[in-house]
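Quick caveat: nothing in here was measured; it's all calculated off a predicted structure.
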Amino acid sequence: MANSQDQGSRTLPKAYEPKSFESKWYKYWMDNDLFKAHVVPGKPRFSIVIPPPNITGALHMGHALDTTLQDIFVRYNRMLGYETLWLPGTDHASIATHARIEEMLAEEGTSRWELGREKFLERAWEWKDKYGHIITDQLKTLGASCDWSRERFTMDEVCSRAVIEVFVRLYEKGLIYRGKYMVNFCPGCRTVISDIEVEHQDTDGHLYYIQYPVLSDEDLTKARADAGLGTNGACQGAGAGQATDNAAPAQALRSFKSKIHTNTPAGGYEEFITVATTRPETMLGDTAIAVNPEDPRYGHLVGRYAVLPLVGRIIPIIADKHVDPEFGTGAVKITPAHDPNDFEMGLRHGLDFVSVIDTQGNMTEEAGKYAGLERYECRNKVLEDLEELGYLLKVENHRHSVGHCSRCDSTVEPLISEQWFVKMKPMAEPALEVVRQGKVEFVPERFTKIYEHWMENIRDWCISRQLWWGHRIPAWYCDDCGESIVARTAPDKCTKCGGPVHQDEDVLDTWFSSALWPFSTMGWPDDTEDLRYFFPTDILVTGYDIIFFWVARMIFSSMEFMKQPPFRYVLIHGLVRDALGRKMSKSLGNGIDPLEVIDKYGADALRISLVSGVAMGSDMRFYDEKVEGARNFCNKLWNATRYSLSNLEGWTPPAAAASGSKPKQSELSTMTARWILSRLERTIETVDDALKRFEPGEAIDTIIDFVWNQFCDWYIEFSKESLANPDTREETQLVLWLVLRQSLALLHPFAPFITEELWSYLPKPAGSEDRPLIVSDYPVPGKLSADAEAEELIGNLIEVIKGIRNMRAEVNIPTGKREKAIILAEDPQLWEGFAPYIKRLSWTEPLEILDLNDPDIESKRPRQALTSVAKGAEVFLPLAGVIDIDKEISRLEKSIGELQSELDKTAKRLADKEFLAKAPKHIVEKHQKRHQDNQEKLQALRNRVELLRKIKE
RNA sequence: GGGCGGUUAGCUCAGUUGGUCAGAGCGCUUGCUUGACAUGCAAGAGGCCGGGGGUUCAAGUCCCUCACCGCCCACCA
């Protein structure tokens with residue numbers, strides 16, 4: 001396909017139609033294994049793993065951005081000559097997939113419970129086979145140059161083996177444990193979720209003030225008797241629900257239940273202590289009241305007991321410094337089984353743990369007469385009863401933060417449950433260290449702090465989920481002796497007593513497997529070639545929203561098992577928002593489908609629009625006009641190529657070009673050629689720098705500016721003249737070809753399709769290897785050199801051309817209409833050489849060039865003419881009969897005024913001794929040169945005004 | 001309650017180590033079928049770079065402070 005002979009004779013279609021070639025090239029790259037990475041010991045390599053998209057997902061703009069950024073760096077490095085691996089794959093997304101499949105089952109009128117575990121998993125796998133590849137196919141339309149031969153899935157054999165291995169090793173090391181603790185339960189998903197899966201939302205609620213009667217000593221004695229307890233010592237676990245493994249302090253004040261105090265109206269008591277709560281229903285599980293030890297209002301009550309209204313439980317009043325005397329009444333009801341704070345306090349004080357809400361969000365048997373009620377129904381009922389019995393003192397509006405499930409948005413229920421955890425402190429240490437030492441760097445740097453803060457305050461990670469789709473926990477329990485066995489393969493009997501065993505029902509948190517992604521995908525725990533060559537990876541590209549979920553966990557997992565970080569740089573990008581700056585979401589319906597954008601504008605336009613003008617790490621707004629602009633740029637490039645090709649017919653690149661050698665300044669006869677090559681070199685330098693700093697947005701903008709505003713707007717126009725001249729034709733052809741080639745190469749990582757397509761049309765140097773662009777060399781600085789002389793002279797030329805265009809526009813001469821112009825030049829010969837360019841680009845005919853140093857010049861100076869001044873040249877537009885001298889004078893005076901004020905500034909600056917002494921030399925020189933140039937221009941303008949005044953008289 | 005980001009032309013946003021940095025695109029105005037491109041060309045209007053203070057010869061660029069907007073983290077019931 002990329003055969004130069006054929007390409008040379010093909011003609012480029014007139015319009016840029018991305019659909020006509022994008023899929024063709026993807027297929028070509030795939031068919032020729034150009035994405036495939038090979039283990040080549042000794043060769044420098046570049047590797048990266050994809051953040052595996054969920055199999056449930058359809059491509060959204062976030063993926064499109066993430067993928068585009070990765071592909072840019074992958075293609076860039078591949079072109080730089082690195083053996084480049086981009087390892088793709090998908091995530092089983094345990095909880096998300098569950099939701100989708102359960103939804104599907106519900107539509108069929110059944111449920112996971114009805115189906116049972118085995119059948120459910122069958123359906124899940126079917127679902128995965130059917131839909132799991134959709135998203136990866138979509139990545140291909142974007143141009144993602146992944147090595148698909150290495151595609152992995154978090155639940156495939158290779159990855160699953162790593163998961164089991166990690167679990168067992170961590171368990172054996174004591175870093176994974178099982179225990180009863182306070183966890184976040186999502187009643188919607190019916191599973192425990194980890195701390196970071198809880199989203200806190202400020203919610204309008206109420207603060208309920210409830211008075212709890214304080215028992216007199218006499219009543220306490222009666223209550224004890226009623227509960228069948230002695231008169232002294234702690235009450236042993238009476239009324240306790242689930243307790244934790246942690247032993248209670250021996251001297252604990254325990255609660256106990258007393259029948260005689262159940263449903264007693266408030267009027268029956270004399271002394272009260274009032275608490276404030278946002279969740280009255282949890283009072284059914286209260287086992288203490290706490291006050292601040294310093295609080296004078298309550299000092300006398302500490303150590304005494306209160307009655308829990310409606311329930312009749314007798315609960316101690318304790319002192320704890322964590323109680324804020326300022327909040328509410330300064331007295332807090334303590335529900336150790338349903339509040340994380342209270343849980344801690346329960347442990348500290350040896351309180352009972354009474355669970356009154358179950359995993360479905362319904363009240364348990366412990367809730368007595370409220371058992372079976374849904375938690376909010378129960379709240380209402382409890383309030384009603386409290387009110388009726390006279391315990392509810394008042395209700396205030398209160399805004400507070402409530403935990404919601406990040407997946408289904410249900411209100412999370414904190415409760416005590418037996419789960420598996422990863423002990424985080426020991427794992428966080430090395431993960432923190434490696435970032436602090438700069439061995440892993442976040443880009444932009446500010447995300448380092450976010451990471452560190454999280455790692456420093458990390459709590460144990462709850463990894464078990466009450467789901468079926470995922471990696472089942474490799475733990476078995478003996479039916480007879482209760483022994484638990486953690487093993488790589490299922491034991492057939494209990495290792496302790498030989499009894500029958502059953503496997504833990506739960507699966508692991510989805511992120512447990514993705515945490516291993518950088519090495520599990522390369523075959524760990526085996527010592528594979530891939531692992532040795534491609535690990536650790538170079539960069540990781542992802543959004544800031546999953547730094548905790550994924551990035552942090554990959555780092556600590558890798559530190560534990562690979563003894564080194566999984567990647568060198570973490571590139572963080574922001575969110576893609578809609579045109580109004582809102583997050584794109586399904587519920588808002590404001591999401592933009594990348595595939596539709598591709599369909600309309602092409603993948604290249606989408607890619608460019610996603611990175612152009614965006615700084616790494618910050619959110620961006622996405623809107624049609626942006627893609628349109630990118631598409632227009634593609635069209636521009638297309639047509640610049642079309643123009644060039646039409647002028648390259650019959651021309652063949654010199655053999656010297658095959659080795660990549662470029663013409664030297666001294667070998668070029670046209671200043672314009674020297675100029676554009678100098679501009680190209682600067683562009684290459686800037687792009688190189690931007691990409692090394694991981695700022696693709698700057699890189700693409702630089703390339704667009706070069707191609708459009710320098711190559712197309714100026715050089716191509718210049719070339720129309722130099723091509724027409726037989727003496728400079730061949731040189732111009734070479735330069736057109738060269739600049740175009742380099743531009744396509746520079747642009748390829750950003751817009752792979754159009755560049756590969758256009759590249760295929762460009763003639764290839766005879767005898768050179770005919771490689772597709774994707775594996776051609778990326779332009780690097782230093783091959784060409786900056787050419788100060790050409791930049792200066794062509795800069796002046798452009799100034800003159802713009803001057804003429806300005807004057808013409810001033811008096812409304814239509815574009816293209818030929819007008820005469822006169823130039824008074826310090827170097828007439830030079831300007832004589834530029835004359836054809838000036839004529840063409842500013843529609844000048846005829847053009848007269850006079851010598852400024854001619855002694856007779858004053859007499860030759862045009863009288864009736866518009867004037868503009870450039871460096872080394874005065875330009876006149878003599879429009880017989882049209883010029884209004886007064887108007888012209890005032891126009892010139894305006895420019896004089898502007899120039900003057902600029903001169904004043906630089907003059908002041910240059911008169912400043914401190915500036916001259918302290919500023920670097922090159923800065924001073926710059927100012928001096930500028931000042932001088934401006935002075936010359938100013939003088940010319942003043943002379944002109946003077947002359948016009950004389951003429952007028 | 002902590003932490004972070006933003007505040008630059010009508011709109012969306014760039015501005016690395018302080019020294020042409022006052023920019024781009026879109027939009028707007030005016031004129032153009034200029035043989036690559038109307039998905040275009042040419043010209044133009046438009047900004048005390050959020051307020052205040054400071055450091056410096058020199059500050060959108062560094063420091064302090066205030067004001068909005070947004071995000072993240074946090075066990076205030």
*Would you mind classifying the nucleic acid contact of A:Gly629 as base, sugar-phosphate or nothing, using non-hydrogen atoms under 4.0 angstrom?*
nothing

*Scan A:His931 against the nucleic acid and name what it touches under 4.0 Å (heavy atoms): base, sugar-phosphate only, or nothing.*
nothing

*When you check the phosphate oxygens OP1 and OP2 of B:rU16, does a side-chain N or O of A:Arg693 lie under 4.0 Å from one of them?*
no

*How far, in whole Å, is B:rG44 from B:rG51 if one measures between their P atoms?*
29 Å

*When you get a sec, tell me which of B:rG19, B:rA77, B:rA36 is the closest nucleotide to the side chain of A:Asp324?*
B:rA77

_If the threshold is 4.0 Å, N to carboxylate O, is there a salt bridge linking A:Asp904 and A:Lys908?_
no

*Would you call A:Lys937-A:Asp933 a salt bridge at under 4.0 Å N-O?*
no

*Between B:rC68 and B:rU61, how far apart are the C1' atoms? Round to whole Å, please.*
22 Å

*Side-chain N,O (A:His927) to OP1/OP2 (B:rA58) below 4.0 Å*: no

*Roughly how far apart, to the nearest Å, are B:rC13 and B:rG18 at atom C1'?*
23 Å

_Nearest-nucleotide 5' precedence on RNA chain B, A:Ser612 against A:Arg840_ = A:Ser612

*Searching all strands shown, indicate the nucleotide that pairs with B:rU20 (Watson-Crick or G-U wobble; both distances under 3.5 Å).*
none

_Stacked cation flag A:Arg909 on A:Phe915, 6.0 angstrom / 45 deg_ = yes

_Interatomic spacing from CZ in A:Arg642 to CG in A:Asn647 - rounded to 0.5 Å_ = 11.5 Å

*Please tell me which of A:Asp339 and A:Arg631 maps to the more 5' nucleotide of RNA chain B, matching each residue to the nucleotide holding its nearest heavy atom.*
A:Arg631

*Could you give the distance separating B:rU33 and B:rG15 at their C1' atoms, to the nearest angstrom?*
39 Å

_Electrostatic pair A:Asp578:A:Arg621 at N-O distance under 4.0 angstrom_ = no

*Should A:Asn457 be listed as having a side-chain N or O under 4.0 Å from OP1 or OP2 of B:rA74?*
no

*So what's B:rA67 paired with, Watson-Crick or G-U wobble, going by both distances under 3.5 Å?*
B:rU7

*asked:* Apply the syn/anti split at 90° from 0 to B:rG70 and say which one it is.
replied: anti

*Side chain of A:Pro920 (C-beta onward), nearest among B:rC72, B:rG19, B:rA42*: B:rG19

*Within the structure shown, what part of the strands sits under 4.0 Å from A:Pro814 by heavy-atom distance: base, sugar-phosphate, or nothing?*
sugar-phosphate

*With a non-hydrogen cut-off below 4.0 angstrom, is A:Tyr451 in contact with a base, only sugar-phosphate, or nothing?*
nothing

*With a non-hydrogen cut-off below 4.0 angstrom, is A:Arg459 in contact with a base, only sugar-phosphate, or nothing?*
sugar-phosphate

*How is A:Lys929 classified with respect to the nucleic acid when contacts are heavy atoms under 4.0 Å: base, sugar-phosphate, or nothing?*
nothing

*Quick one: which of B:rU30, B:rA43, B:rA42 gets closest to the side chain of A:Asn806?*
B:rA43

*From the options B:rG31, B:rU39, B:rA58, select the nucleotide whose nearest atom is closest to the side chain of A:Thr815.*
B:rG31

*Are A:Glu413 and A:Arg279 close enough for a salt bridge, meaning some N to O gap below 4.0 Å?*
yes

*Output the single nucleotide from B:rC76, B:rU20, B:rA14 whose closest atom is nearest the side chain of A:Arg930.*
B:rU20

_So A:Ala615, base contact, sugar-phosphate only, or nothing? Heavy-atom distance under 4.0 Å._
sugar-phosphate

*asked:* Say we look at B:rA67 and B:rA58: how far apart would their P atoms be, to the nearest angstrom?
replied: 30 Å

*Nucleotide forming a Watson-Crick or wobble pair with B:rU34, both distances under 3.5 Å*: none

*asked:* Does this structure show an ion pair linking A:Arg808 with A:Glu810, if we count only N-O contacts that are shorter than 4.0 Å?
replied: no

*Are A:Phe353 and A:Phe343 near enough that their ring centres are under 6.0 Å apart?*
yes

_Phosphate-side-chain proximity, A:Ser618 and B:rA14, N/O vs OP1/OP2 below 4.0 Å_ = yes

*Check whether any side-chain nitrogen or oxygen of A:Lys449 sits under 4.0 Å from OP1 or OP2 of B:rC4, and answer yes or no.*
yes

_P-based separation of B:rG60 from B:rU20 [nearest Å]_ = 10 Å

*Nearest to side-chain heavy atoms of A:Cys712, which nucleotide of B:rA42, B:rA36, B:rA77*: B:rA36

*Select base, sugar-phosphate, or nothing to describe what A:Leu12 touches, counting heavy atoms under 4.0 Å on all strands.*
nothing

*asked:* Does A:Cys634 reach a base, just sugar-phosphate, or nothing at all? Heavy atoms under 4.0 Å.
replied: nothing

*State which of B:rC4, B:rG19, B:rU12 makes the closest approach to the side chain of A:Arg446.*
B:rC4

*Is a donor-acceptor contact shorter than 3.5 angstrom present between the side chain of A:Glu717 and the base of B:rA36?*
yes

*Is the phosphate of B:rC13, meaning OP1 or OP2, less than 4.0 Å from a side-chain N or O of A:Arg621?*
yes

*Name the nucleic acid region contacted by A:His922, choosing base, sugar-phosphate or nothing; use a 4.0 angstrom heavy-atom cut-off, strictly under.*
nothing

*Roughly how many Å is it from CD1 in A:Ile317 to P in B:rA77, rounded to a whole number?*
22 Å

_Once you apply a heavy-atom cut-off of 4.0 Å, does A:Asp701 come out as touching a base, just sugar-phosphate, or nothing?_
nothing

*Pairing nucleotide - B:rG1, Watson-Crick or G-U, each distance under 3.5 Å*: B:rC73

*Please measure how far the C1' atom in B:rC62 lies from the corresponding atom in B:rU56, and state the result in whole Å.*
10 Å

*Return no unless some side-chain N or O of A:Trp714 is found under 4.0 Å from OP1 or OP2 of B:rA42.*
no

*What does B:rU56 pair with, Watson-Crick or G-U, if both distances are under 3.5 Å?*
none

*Check whether any side-chain nitrogen or oxygen of A:Lys720 sits under 4.0 Å from OP1 or OP2 of B:rA36, and answer yes or no.*
yes

_A:Phe706 ring center within less than 6.0 Å of A:Trp714 ring center_ = no

_Using a 4.0 Å heavy-atom cut-off, does A:Lys802 contact any base of the nucleic acid, only the sugar-phosphate backbone, or nothing at all?_
sugar-phosphate

*When you measure from the side chain of A:Lys636, which nucleotide among B:rG25, B:rG40, B:rA77 comes out closest?*
B:rG40

*Considering every strand shown, what is the Watson-Crick or G-U wobble mate of B:rC49 when both distances are under 3.5 Å?*
none

*Distance between the P atoms of B:rA43 and B:rA24, in whole angstroms?*
12 Å

*NZ of A:Lys626 versus P of B:rG25: gap in Å, rounded?*
13 Å

*Within the structure, does a side-chain N or O atom of A:Lys14 lie under 4.0 Å from either OP1 or OP2 of B:rC37?*
yes

_Please determine whether a side-chain nitrogen of the Lys or Arg among A:Arg682 and A:Glu685 lies less than 4.0 Å from a carboxylate oxygen of the Asp or Glu._
no

*May I ask you to verify if any side-chain N or O of A:Asn632 is less than 4.0 angstrom from the OP1 or OP2 atom of B:rG40?*
yes

*Could you check which of B:rU12, B:rA77, B:rA42 has an atom nearest any side-chain atom of A:Arg805?*
B:rA42

